[in-house]
Amino acid sequence: MNQPLHSHRPLGALDQGEINDVTELHAAVIREKPEPREGFEPLSLWIVAGIAVLLFWGGSYLTAYSGRFEAGEFSEFQHGRPLPVTEGPADPLAALKREGMIAYNGVCAACHNEDGAGKTGVAPQLANSDWVNAGDASRLVRIVLHGLNGPIKINATTEFNMVGAAMPAQYDGIGGTDAKLAAVLTYIRTSWGNTAKGVTADEVKAIRLAAGVRTEAWTPVELMALPVGGGASTALSSDQLKEKLKALPADQLQSLLKELSK
Ligand code: HEC
C-alpha cells in the first residue's frame, strides 16, 4: 500500500511539494483593499488638470483687469481701453477725458474729491462751479499753473475763505505738459454735470505763454479781471472804472460821454 499523501492532486500533475491551494490562500489578499499608508501617492489627474485650468484662468484675469498695476489706474476698462461703444456716435473727447480723469484722480481729487464736490475746509467744489464752466480756460490754466490764494466766491454765493487753504501750483504734479493740462481741464469741464467746452493743448499753450513766469499764486481778484466770457466776474469799483475811462483814447471817451448824456 503505497498511497500518496494528497490524493486530490490530479493524476499526472507535477508534484511541487505544496500542501495548500495557492488561490485559496490569497483569496483574502485579493478581497481586501490595501491599508492606506503615508508617503508619495500618485495624484489624481483630475486634480492636476483642475489646478492647471485655475492657474490659467487667474493669469488671464490678471492680464485683463490688473490695470497694468499702476497706482493711478482705475481699472474700469479692459486693457486700459474704453469699452466699445455699441450705439450712438463716439464721444470725440472720450480719450482726452479718460487721460484727464487719471491725472485728476491722482492729483486734484485729494483736495477737490473724486466727484468734484470739494471738501469742507480743504477745497471748494469744481462740480457746478462758474470758475470751471467759464467760457474759456484762461483762469483755469493759470490756477493749475501757478496756484490760487485768497477769498473766493463760487457762483457768486458759496464763499470759500479759509485762512491757510490755498491751492499750490499743480502743473508739474499732473505731468508738466500742455496736453496733460488740457486733458485735466477737459475732464473737469465735462464731468459731474459740468457742460463747458473741452480744452486743447494749443489753447493751454497760448494761455501759459500769455501768463508768463511767476512764482506766487494768483488771487481770485486778479483772475476775475481776465475776460473769459461768462464765469465768475466782479463789478469794477469806481476807482477801477475811472482808470479804465482815463485809458480810453480821447475820441472814444467823447462819443461815450455823448452816448451817456442822451
Ligand atoms: C492741496 C489741495 C489742492 C489740490 C491738490 C488742488 N486744489 Fe484746486 N483748489 C484748492 C483750494 C484750497 C482752492 C481755493 C483757493 C482759494 O481759496 O483761493 C482751489 C481752487 C480751485 C479752483 C477754483 C475754484 C473752484 O472751485 O472752481 C479750480 C478750478 C481748481 N482749484 C482746480 C484744481 C485742479 C484742476 C487741480 C488738479 C490739477 C487742483 N485744483 C488741485 C486746493 C487744491
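In listed order, ligands and their atoms are each counted from 1. Start at 1 with the first residue, then count along the sequence. For clarity, every value in this text was computed on a predicted model and none was experimentally measured. No hydrogens, no waters, no symmetry mates; every other heavy atom, side chains included, goes into these values.
Residue-ligand proximity, I154 to ligand 1, at heavy-atom distances under 4.0 Å covers atoms 25 (C), 26 (O). Every atom of ligand 1 is numbered from 1 in the order shown, and the set under 4.0 Å from a heavy atom of L148 is 15 (C), 18 (O), 20 (C), 23 (C). Of all atoms in ligand 1, listed by their number and element, those nearer than 4.0 Å to a heavy atom of I152 are 16 (C), 17 (O), 24 (C). Taking every heavy atom of P168 and a limit of under 4.0 angstrom, the matching atoms of ligand 1 come to 1 (C). Interface of V107 with ligand 1, defined as ligand atoms under 4.0 Å from a residue heavy atom, comprises 5 (C). Remark: ligand 1 atoms within the under-4.0 Å shell around heavy atoms of V132 are 27 (O), 29 (C). Interface of N149 with ligand 1, defined as ligand atoms under 4.0 Å from a residue heavy atom, comprises 18 (O). Taking a cut-off of under 4.0 Å to the non-hydrogen atoms of V122, the atoms of ligand 1 that pass are 12 (C).
A distance of 10.5 Å separates CH2 in W218 from CG in L148, rounded to the nearest 0.5 Å. Rounded to the nearest 0.5 angstrom, D115 CG and Q125 CD are separated by 10.5 Å. Of the inter-residue distances, the one linking W192 atom CH2 with Y187 atom OH reads 5.0 Å to the nearest 0.5 angstrom.
When distances to atom 8 (Fe) of ligand 1 are checked against a cut-off of 2.8 Å, Q170 contributes no N, O or S atom below that limit. Among the atoms of C111, no N, O or S atom is found under 2.8 Å from atom 8 (Fe) of ligand 1.
If you look at S129 next to ligand 1, the close heavy atoms, those under 4.0 Å, all belong to the side chain. The part of Q125 lying near ligand 1 is the backbone, judged by heavy-atom distances below 4.0 Å. Looking at I174 against ligand 1, only its side chain comes within 4.0 Å, counting heavy atoms. In L140, the part holding a heavy atom less than 4.0 Å from any atom of ligand 1 is the side chain. With a heavy-atom cut-off of 4.0 Å, A110 does not touch ligand 1 at all. Contacts between I143 and ligand 1, counted as non-hydrogen atom pairs separated by less than 4.0 Å, involve the side chain only.
Looking only at N/O/S atoms, H112 comes nearest to atom 8 (Fe) of ligand 1 through NE2.
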Under the criterion side chain to side chain contact (heavy atoms under 4.5 Å, CB included), I'd like the reasoning laid out for Y104 against I174: C-alpha separation, chi angles, the key distance, then a yes or no. CA-CA 8 Å; Y104 178 88; I174 57 166; over 6 Å; no
Could you walk me through whether R189 and K197 pass the side chain to side chain contact (heavy atoms under 4.5 Å, CB included) test, one step at a time? CA-CA 7 Å; R189 279 163 67 85; K197 273 194 306 170; 3.9 Å; yes
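Remark: the backbone N or O of A109 is not paired with any side-chain donor or acceptor of N113 at under 3.5 angstrom. A donor-acceptor contact shorter than 3.5 Å links the side chain of W131 to the backbone of K153.
Heavy atoms of D130 stay at 4.0 angstrom or farther from ligand 1. The closest approach between G150 and ligand 1 falls below 4.0 Å for a heavy atom of the residue.
More than 12 heavy-atom neighbours from other residues, nucleotides or ligands sit within 6.0 angstrom of CD on E216. L260 CG: more than 12 foreign heavy atoms inside a 6.0 Å radius.
Side-chain contact annotation: Y171 with D178, donor-acceptor N/O pair under 3.5 Å present. Counted by atom type alone, D202 and T200 present zero donor-acceptor pairs between their side chains at under 3.5 Å.
In summary, E222 and R139 do not engage in a salt bridge, as defined by a charged side-chain N under 4.0 Å from a carboxylate O.
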